[in-house]
Asker: 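The structure that follows is given in the form of C-alpha cells.
Note that ligands are numbered from 1 as they come in the structure, with each ligand's atoms numbered from 1 the same way.
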Amino acid sequence: MSVLPQLKVQTRVSRLPDSFYRRVDPQPLNNPYLVAFSPTVADLLDIDPLLFQDQQLVNLLSGSEISADSDPIAMLYAGHQFGHFVPQLGDGRALMIGEITDSGGSDWEIQLKGSGLTPFSRMGDGRAVLRSTIREYLCSEAIAALGIPTTRALCITGSNDAVYRERPETAAVLTRLAPSHLRFGNFEVFFYRQQYAELKILADFIIEHFYPDCSTAENPYSEMLRQVIERTARLVAQWQLVGFTHGVLNSDNMSMLGLTIDYGPYGFLDTYQSAFVCNHSDELGRYAYDQQPRIGLFNLSCLAQAMLPLLDEDSGEQAAEHAKQLLADYQPAYLAHYYRGMAAKLGLQSFREGDEVLISSLFELMEQAVDFTNFFRRLSNTDLAEDNDSRMRDMFIDREGFTAWQQDYLARLEADATDQETRRRQMLAVNPRFVLRNYLAQQAIERAEEGDFSEVEILHDLLQHPFDEQPEREEYAAEPPDWARHIDLSCSS
Ligand code: AMP
Ligand code: MG
C-alpha cells in the first residue's frame with residue numbers, strides 16, 4: 001500500500017482524452033530530504049503530520065519513488081507570454097501524481113513541481129531550485145491566509161543534486177495542490193490548433209466539476225466565461241488591496257478557477273510605488289503593480305478568443321460580439337471589488353460617490369514615500385481625531401498634504417458615524433500586520449541554502465496569522481533594511 005493511502009492515482013483530468021496531456025514519470029532526485037511542510041495544508045488533506053518523518057513520503061513527494069500503479073501526467077497548454085502568443089507550453093517541470101479528497105468531500109489535484117523533464121520542457125531542465133520552491137511555498141500559504149484564492153503548498157523536498165541557473169544551486173520539489181490547475185492556456189492551445197472538439201470537452205469538464213450552476217444556463221459556455229471574468233476581476237482587486245504584484249501575468253499563469261497560480265518573481269509593496277515592477281526581466285514594466293488590472297482584461301480577452309467557437313457555433317461575428325459584451329463587465333466588476341475593499345481598508349462602512357478622490361489623493365501622497373502595509377495598519381490603530389502625536393504625519397514627505405487629507409478623511413468618517421472601536425476592529429481585520437516582504441523571504445532562503453530551514457518554518461507560521469499582532473515577532477513588520485533594496489528577482493527559478 002502507498003504511504004499516502006488517500007492519494008488516488010486516477011484523477012478527473014486523467015479521464016480526459018490523451019490529447020490533453022502526456023503520461024510521464026518523475027525523474028528521481030538523489031537522497032531527498034524534507035525541507036518544510038505546512039501543518040495547515042496537511043490538516044486540510046487529513047495527512048498525519050508524523051508521516052513527514054517517514055522517508056517513504058519524502059521519496060514519493062520528491063518524485064524519487066513511484067508506486068507501481070501511479071500514472072503521472074503533464075498537461076498541455078499554450079499562452080501569451082509578455083503579449084506574444086506561444087503555441088505550445090505545457091507543464092515543463094510539473095506532474096500531477098494524483099488526487100486527494102478532503103474530509104468535506106472536495107477533490108484536490110496533487111502536483112510535483114520540479115520533478116524532472118516532460119515532453120513540454122522545451123529548453124528547460126525540468127527542475128526547480130530550492131530558492132524558488134521556498135518562494136512559492138511561503139507565498140501560496142501567505143496569500144491563502146490573507147483570504148485570497150490560490151493554489152496551496154503542502155511541502156518542499158530537497159536534494160543536494162546540482163541545478164544550474166546563474167550559479168550552481170540545489171534541486172527541490174514543491175508539492176502543490178488545487179481543485180484544478182487548469183489555465184486560460186489550456187483553451188488557447190486547442191483554439192490555435194483548431195481542435196474545437198477538445199475546446200468543448202474541456203469546457204464541459206470545467207462546468208461539470210467547477211461551475212455546475214452554468215449547466216442550466218441558456219449558453220453554459222458563455223455563463224462560465226462570465227463567471228471566470230467575475231472571479232478574475234475579484235482576484236486582481238484582492239491583489240491590489242494587499243499590494244501584491246504577481247510578476248509574470250502571462251495567460252498560461254491565469255487560473256480557470258480564479259486562483260493565484262505560478263509564483264515566480266512576485267513581490268509585495270514595501271514603499272508604495274504605483275509602477276512597482278518586481279521582475280527584473282520585465283524591462284518594459286508590462287506586469288507592474290498598477291498594470292495588473294489592465295493585464296487581467298488582456299488575458300481574459302485571450303481566453304474569450306479561444307472560446308469563440310463555443311460562444312456561437314454558426315456565426316463568428318456574433319460570437320465575437322458576445323465575447324465583447326461579456327468582457328465589458330470586467331472593468332466595472334474590478335472597480336466595484338477594488339473600491340469596496342479600499343473603503344474597508346479606510347474603515348468606511350461602504351463606498352460612496354466621491355470616495356475615489358479620497359483614495360487617489362491618499363495614494364498620490366504615499367507615492368515613493370510611505371510603506372503600504374504599515375500605513376494602513378497604523379491608520380487602523382490611530383484615532384485621528386484624538387491624535388496629538390505626529391507619527392502618522394511623519395510617514396509622509398508632504399506632511400501638510402497629509403494633514404489636509406486627514407481633515408477630509410475625518411469629515412468622511414463622521415458621515416458614517418461608526419464608533420472608533422468598531423471601526424478599529426474592522427480595519428485590523430482587513431489591513432494585515434505582516435506580509436511576505438521580499439527581504440524576509442530572502443533571509444529564509446539564504447539560511448536554507450546553508451542547510452538551516454528554521455526561518456522557512458518561522459515565516460510560514462507567522463504568515464498564517466497576518467492580521468494578528470504577534471509581539472514576539474514584531475521585527476517581521478519592519479520595512480526593508482538597506483541591504484535588501486538591491487535584491488533582483490528574475491524569471492529564473
Ligand atoms: P513560468 O513562467 O515559470 O510559469 O513557466 C513558463 C513555461 O516554462 C511553463 O511551460 C513551464 O513549465 C516552463 N518552465 C519553466 N521553468 C522550466 C524548467 N526549469 N524546465 C522546464 N520547463 C520549465
Ligand atoms: Mg507558468
Asker: Salt bridge or not between D329 and R226? Use side-chain N to carboxylate O under 4.0 Å.
Answerer: no
Asker: Below 4.0 angstrom from a heavy atom of L89, which ligand 1 atoms are there? Numbered from 1 as shown, please.
Answerer: 10 (O)
Asker: List every atom of ligand 1 that sits less than 4.0 Å from any heavy atom of G124, numbering the atoms from 1 in the order shown and giving each element.
Answerer: 18 (C), 20 (N), 21 (C)
Asker: For atom 10 (O) of ligand 1, tell me which residue out of G92, G126, A74, G90 has the closest non-hydrogen atom.
Answerer: G90
Asker: Counting backbone and side chain alike, does D262 bring an N/O/S atom below 2.8 Å of the Mg ion (ligand 2)?
Answerer: yes
Asker: So is D125 polar-close to ligand 1, meaning N/O to N/O under 3.5 Å?
Answerer: yes
Asker: Right, does atom 5 (O) of ligand 1 have protein non-hydrogen atoms nearer than 4.0 Å?
Answerer: no
Asker: Picking from E169, R167, E166, R165, what satisfies side-chain hydrogen bond (donor to acceptor under 3.5 Å, both in side chains) with S492?
Answerer: E166
Asker: Do you see an N/O/S atom of N250, backbone or side chain, under 2.8 Å from the Mg ion (ligand 2)?
Answerer: no
Asker: Consider every N or O of D262 and every N or O of ligand 1, then say whether any pair is closer than 3.5 Å.
Answerer: yes
Asker: Can you name the atoms of ligand 1, numbered from 1 with element, that are less than 4.0 Å from a heavy atom of N253?
Answerer: 2 (O), 4 (O)
Asker: Suppose we call two aromatic rings close when their centres sit under 6.0 Å apart. Are F20 and F190 close by that rule?
Answerer: yes
Asker: Look at K8 together with D107 and state whether they make a salt bridge at an N to O cut-off of under 4.0 Å.
Answerer: yes
Asker: With only distance considered, is R127 within less than 3.5 Å of ligand 1 through an N or O on each side?
Answerer: yes
Asker: Between T271 and D371, does any side-chain donor sit less than 3.5 Å from a side-chain acceptor?
Answerer: no
Asker: Is it true that atom CZ of F210 has more than 12 heavy atoms of other residues, nucleotides or ligands lying nearer than 6.0 Å?
Answerer: yes
Asker: Examine ligand 1 and decide if any of its atoms is less than 4.0 Å from a heavy atom belonging to Q88.
Answerer: no
Asker: Is it the case that more than 12 heavy atoms not belonging to Q368 sit under 6.0 Å from its CD atom?
Answerer: yes
Asker: Mark the output for R122 as yes if a heavy-atom distance to ligand 1 is under 4.0 Å, and as no if none is.
Answerer: yes
Asker: For Q81, take its heavy atoms, then give the atoms of ligand 1 lying under 4.0 Å from any of them.
Answerer: 6 (C)
Asker: Does a salt bridge link D461 with R473, judged by any charged N lying under 4.0 Å from a carboxylate O?
Answerer: no
Asker: If the cut-off is 4.0 Å to any non-hydrogen atom of R165, which atoms of ligand 1 fall inside it?
Answerer: 19 (N)
Asker: Any N/O of R93 closer than 3.5 Å to an N/O of ligand 1?
Answerer: yes
Asker: Using a strict cut-off of 4.0 Å, indicate which atoms of ligand 1 neighbour a heavy atom of Y77.
Answerer: 9 (C), 10 (O)
Asker: Starting at CD1 of I458, measure out to CG of L440 and round the result to the nearest 0.5 Å.
Answerer: 11.5 Å
Asker: Is the shortest side-chain N to carboxylate O distance from E141 to R135 below 4.0 Å?
Answerer: no
